Amino acid sequence: MDRETIKLTRILLKNTNDPKMSWYLFKRILSLPVTQQCPQSIPIITRILIRAKMLNELDDLPQLLIASQPQETLHNSLVSFIKVLVKSGLFGKAISQFKSLRFRFPENPPSIYLYNVLLRSCIKEGRVDCVSWLYKDMVASGVSPETYTFNVLIGFLCDSGCLDDARELFDKMHEKGCEPNEYSFGILVRGYCRAGFTSKGLELLGEMRRLKVLPNKVVYNTLISRFCKEGNIDDAEKLVDEMREDGLSPDVVTFNARISALCSSGKVLEASRIFRDMQIDEVLGLPQPNIITYNLMLGGFCKEGMLEEARVLFEKMKESENLMNTESYNIWLLGLVRNGKFLEAQLVLKEMVDMGMEPNVYSYNIVMDGLCKNGMLFDARMLLRLMTSSGVLPDTVTYSTLLHGYCHAGKVFEANNVLREMMRNDCSPNNYTCNILLYSLWKEGRISEAEELLQKMNERGYVIDTVTCNIVIDGLCNNGQLDKAIEIVSGMWTHGSAALGNLGNSYISLVDDSDSRKKCMPDLISYSTIISGLCKAGRVDEAKKKFIEMTGKNLHPDSAIYDAFIHSFCKEGKISSAFRVLKDMEKKGCNKTLQTYNSLIMGLGSKNQIFEIYGLMDEMRERGVSPDVSIYNNVLSSLCEGGRVKDAPSVLDEMLQKGIAPNISSFSILIKAFCKACDFSAVDEIFEIALNVSGHKEALYSLTFNELLVGGEVVKAKELFETALDRSFDVGNFLYKDLIDHLCKDEKLDDASGILHKLIDKGHWIDPASFMPVIDGLGKRGNKHEADELAEKMMEMASEGKVKNKVHRNVRSSIQGKKNKDGESEWQTILHRDDGSGIALKALKRVQRGLDQGSISSLEPQKDDFLDYWEGSH
């Protein structure tokens, strides 16, 4: 190389920031005699052109080399050019130039190094066709592969799920003169472990020892991690011991795998002990925990509800920059949300911003999910605004979560607004989003809108999959169209999602092709839905046929399907049939669920088989199945209806001791039973417990009041009703008219009048029939003035038709004004009865004359009035 070449090359290096000058200088170098050219200039100019994106010049470069160099140097020059292309990520150009090179020099193949580089690049780009071609060309050209070559190919086959091919290639390494090293084994072990074949990975470890290949930490850690994920902690610990025997010290990866497994299985305290030991490595020689270790422990504490421990750890992490990242904050946010600390979670989001650690979209989505699941939709909306104002764009998950929240709350209009906003912001809804809205529309019974959405999903190219079909099937079952749902399930086997076209809407026409059939076949949920629907409708024989059809299609029933049959038989009192189904259920490997126990207890209770119920409860305890409030309520109901009321409080005690909060239904069962048994001291005790557990709820007060009244405890009922009035409860569900009747019959007119006046003072609407006995009593007593005042108030109640406390249900037909057999309202019947109530009639007439309100018949409301149940003939 002469001085001029050296000079030009140096100038080329100095002008790397001036690509056009570099290109000019390189062409000057190529114009020199071959013996004076510098080979190093080729990779230099190639990198310069790539950085400058001078693609035309880059394409011209091979032709310049071909035109300026003889065959003996051209090969190496082109190889040098290809190496730079592939390392720069220009895979298409590199493979094209390589094929050109092989065509120009068929008898002079490149080195194995270039094949390895190209193979690795092909795999990275996902070009399977090129991998196959390169390997065949390498073998055909007589280039001997290296162990590294095999490692690259084995890794590719493992990642592609072709484990058998990977093993076959591994076994052929000896034939090609290559010996597998620890990396070869490690790659195959990882492939087996990822695919869930841990035992095969363990066999390879034994094979390594036989071949005297020393396993490295990666091999051990791969197996240990997999055993830990599978919950085989003992096997993982054995491997740790073997690792030490091979002279390898477990590193932080090893310990992280163990901690992760322990946290996943709920053994957080054990994981915490290992974590603590790692932090005192000066004594034990253990690896120091890294940020992954801290995050695992933080997640473990949060998952088990150990918030205080998690909080202490989180604060410690914040003290070190190396132990805190966005993932750490997201784990803490998830823990707070799962434990109902929504306000604190929102404050943590603000803290992240203040500390310069910007929340990502996942951070916001965690809090959004918690707020929506707990019905805090206003807060969720405000969070969305905060998100956008902070420059974080909501994604499909964000909008879908909010959409689901509104749909779950029955707010379909707001859900539609979210959908429109989503599309305005160029955030395309996915199948999950549309399915949420579709489910909500079916749930609300808005069938035509659901079908219209289905049409739009089809028109816009959304995949109408099995999930979508199952939503439609469920909607039809819940809206009284069970036969149509069955028809769709049958049609899906041959027509796929096109079976939905049978809904009866001409605008729904889904394509019936092979792709549709492949993607949209009935599954277990499809059959579970229609079998459950048939059982609920009492069509058990048809449900059995569908069960047989399902098993014939190689769909194996789960506990939910068996539960549908068991519940149906128990409801019909066919206990022996229910237990036959249970026997088959357990024979097929399906475990009893809470629903199974619930149905059986309900059925046994209907037959007064209390001993058998206790047997089931004992079985649940032995199996570690915790009864829920519904099961306990069935037990309570069975005891009370079976004449064993005195045993019921012990069941209530068991609930409280186990931390299972009784609900209003639990207390209702007990209060009704003890009132019926005239054990009113027990009623008082249960009512006090109910107040402590459930709080002062209107439903609790109304049911206790009504039962006391029916049981003849008028004084207690009156006191309870007055307390309810003081608490401003809605009185619609209270039998207050019956209370007033009882008080008047017991000659406690002042108490009855006091109740009426208290109702009036509190602004309640009062059933006009409630006034009659009091007006009669006052008239008989000679209190005409007070009787007239009440009569006037009664007329106001009747004529205004303003119901301030709307009646939600008819309790023993005494809450609302009843109609007699001739169609008259009860208060009008009382008014005209011939038993002395003429006093009330006279009082009414006096009031009418004084107010010039016309006849009594004018109180009749107009047709279609809100209170049309007052309508009657006179």
Side-chain angles (χ1 to χ4, degrees), residues 1-131 133-134 137-138 141 143 148 152 391:
M1 193 184 307
D2 64 3
R3 290 181 180 179
E4 186 178 358
T5 303
I6 295 171
K7 182 180 177 183
L8 286 171
T9 304
R10 286 177 178 172
I11 296 171
L12 179 65
L13 285 167
K14 287 181 180 179
N15 283 274
T16 54
N17 293 326
D18 188 348
K20 290 186 178 180
M21 176 59 73
S22 298
W23 180 237
Y24 170 76
L25 291 170
F26 177 75
K27 287 191 287 186
R28 281 285 308 275
I29 292 173
L30 285 184
S31 66
L32 296 171
V34 174
T35 54
Q36 297 178 17
Q37 292 180 10
C38 177
Q40 289 82 5
S41 62
I42 296 171
I44 293 170
I45 191 60
T46 304
R47 293 189 186 97
I48 291 171
L49 294 175
I50 290 170
R51 277 200 303 269
K53 297 181 180 179
M54 295 171 66
L55 300 182
N56 290 333
E57 288 78 359
L58 191 67
D59 292 338
D60 291 341
L61 182 54
Q63 297 304 318
L64 285 174
L65 294 173
I66 292 167
S68 63
Q69 294 193 351
Q71 295 292 304
E72 55 268 22
T73 60
L74 178 60
H75 182 273
N76 289 339
S77 298
L78 290 173
V79 167
S80 178
F81 175 61
I82 293 167
K83 285 179 183 178
V84 177
L85 288 176
V86 72
K87 288 180 179 179
S88 300
L90 297 176
F91 173 76
K93 289 184 182 295
I95 205 73
S96 175
Q97 290 298 324
F98 182 80
K99 287 180 178 180
S100 176
L101 175 74
R102 296 295 295 121
F103 178 77
R104 185 173 292 277
F105 299 99
E107 303 301 324
N108 185 14
S111 67
I112 186 61
Y113 174 79
L114 184 58
Y115 277 106
N116 287 342
V117 171
L118 285 167
L119 281 169
R120 196 168 62 240
S121 183
C122 287
I123 291 166
K124 184 180 177 182
E125 295 292 326
R127 293 289 300 274
V128 182
D129 55 330
C130 291
V131 173
W133 180 84
L134 277 169
D137 183 71
M138 181 181 71
S141 63
V143 176
Y148 177 81
V152 170

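Just so it is clear, the values below take in all heavy atoms, side chains as well, and ignore hydrogens, waters and symmetry mates. None of these values were measured; they are calculated from a predicted model.
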Problem set entry | Donor-acceptor contact present, side-chain His75 to main-chain Phe105, <3.5 Å | no
For this session: Could you tell me the separation between the CZ atom of Phe81 and the CG atom of Leu65, rounded to the nearest 0.5 Å?
Result: 7.5 Å
Exercise. Checking Ser68 side chain against Leu64 main chain: does a donor-acceptor pair fall under 3.5 Å?
Worked result: yes
For this session: Rounded to the nearest 0.5 Å, what's the gap from CD1 on Ile48 to CG on Leu58? Could you check?
Result: 12.0 Å
Problem set entry | From Ser80 atom OG to Leu114 atom CG, the distance as rounded to the nearest 0.5 Å | 10.5 Å
Exercise. Just how far is it from atom CG of Leu101 to atom CD1 of Ile82, taken to the nearest 0.5 Å?
Worked result: 4.5 Å
Exercise. Is the shortest heavy-atom distance from the side chain of Leu61 to the side chain of Trp23 under 4.5 Å?
Worked result: yes
Seminar exercise, completed: CD1 (Ile50) and NZ (Lys93) are apart, to the nearest 0.5 Å, by 9.5 Å
For this session: Kindly say whether Val84 contributes a backbone atom to a donor-acceptor pair with the side chain of Ser88 at under 3.5 angstrom?
Result: yes
Exercise. Looking at CG of Asp129 and SG of Cys122, how far apart are the two atoms once the value is rounded to the nearest 0.5 Å?
Worked result: 8.0 Å
Exercise. Given side chains that start at C-beta, do those of Met138 and Ile112 come closer than 4.5 Å, heavy atoms only?
Worked result: yes
Exercise. Below 4.5 Å, heavy atoms only, C-beta onward: do Arg104 and Leu74 meet side chain to side chain?
Worked result: yes
Exercise. Is there side-chain contact between Ser141 and Tyr115, with at least one heavy-atom pair below 4.5 Å?
Worked result: yes
Exercise. Is it true that a side-chain atom of Ser121 and a backbone atom of Val117 form a donor plus acceptor pair closer than 3.5 Å?
Worked result: no
Exercise. Is it true that Asp137 and Lys99 make a salt bridge, defined as a side-chain N closer than 4.0 Å to a carboxylate O?
Worked result: no
Seminar exercise, completed: Minimal heavy-atom distance between Pro109 and Arg102, with the atoms involved, is CA-NH1, 3.6 Å
Exercise. Quick check: are there more than 12 heavy atoms from other residues, nucleotides or ligands sitting under 6.0 Å from CZ of Arg51?
Worked result: yes
For this session: May I ask you to decide if Ser96's main-chain N or O and Ser100's side chain share a donor-acceptor pair within less than 3.5 Å?
Result: no
Exercise. Do Phe98 and Leu134 touch side chain to side chain, with heavy atoms closer than 4.5 Å?
Worked result: yes
Seminar exercise, completed: Shortest non-hydrogen pair, Leu118 vs Ala94, comes out as CD2-CB, 4.4 Å
Exercise. So, Tyr148 and Arg120: side-chain donor and acceptor under 3.5 Å apart, yes or no?
Worked result: yes
Exercise. What do the steps show when you test Val131 against Leu119 for side chain to side chain contact (heavy atoms under 4.5 Å, CB included), and what is the final call?
Worked result: CA-CA 6 Å; Val131 173; Leu119 281 169; 4.2 Å; yes
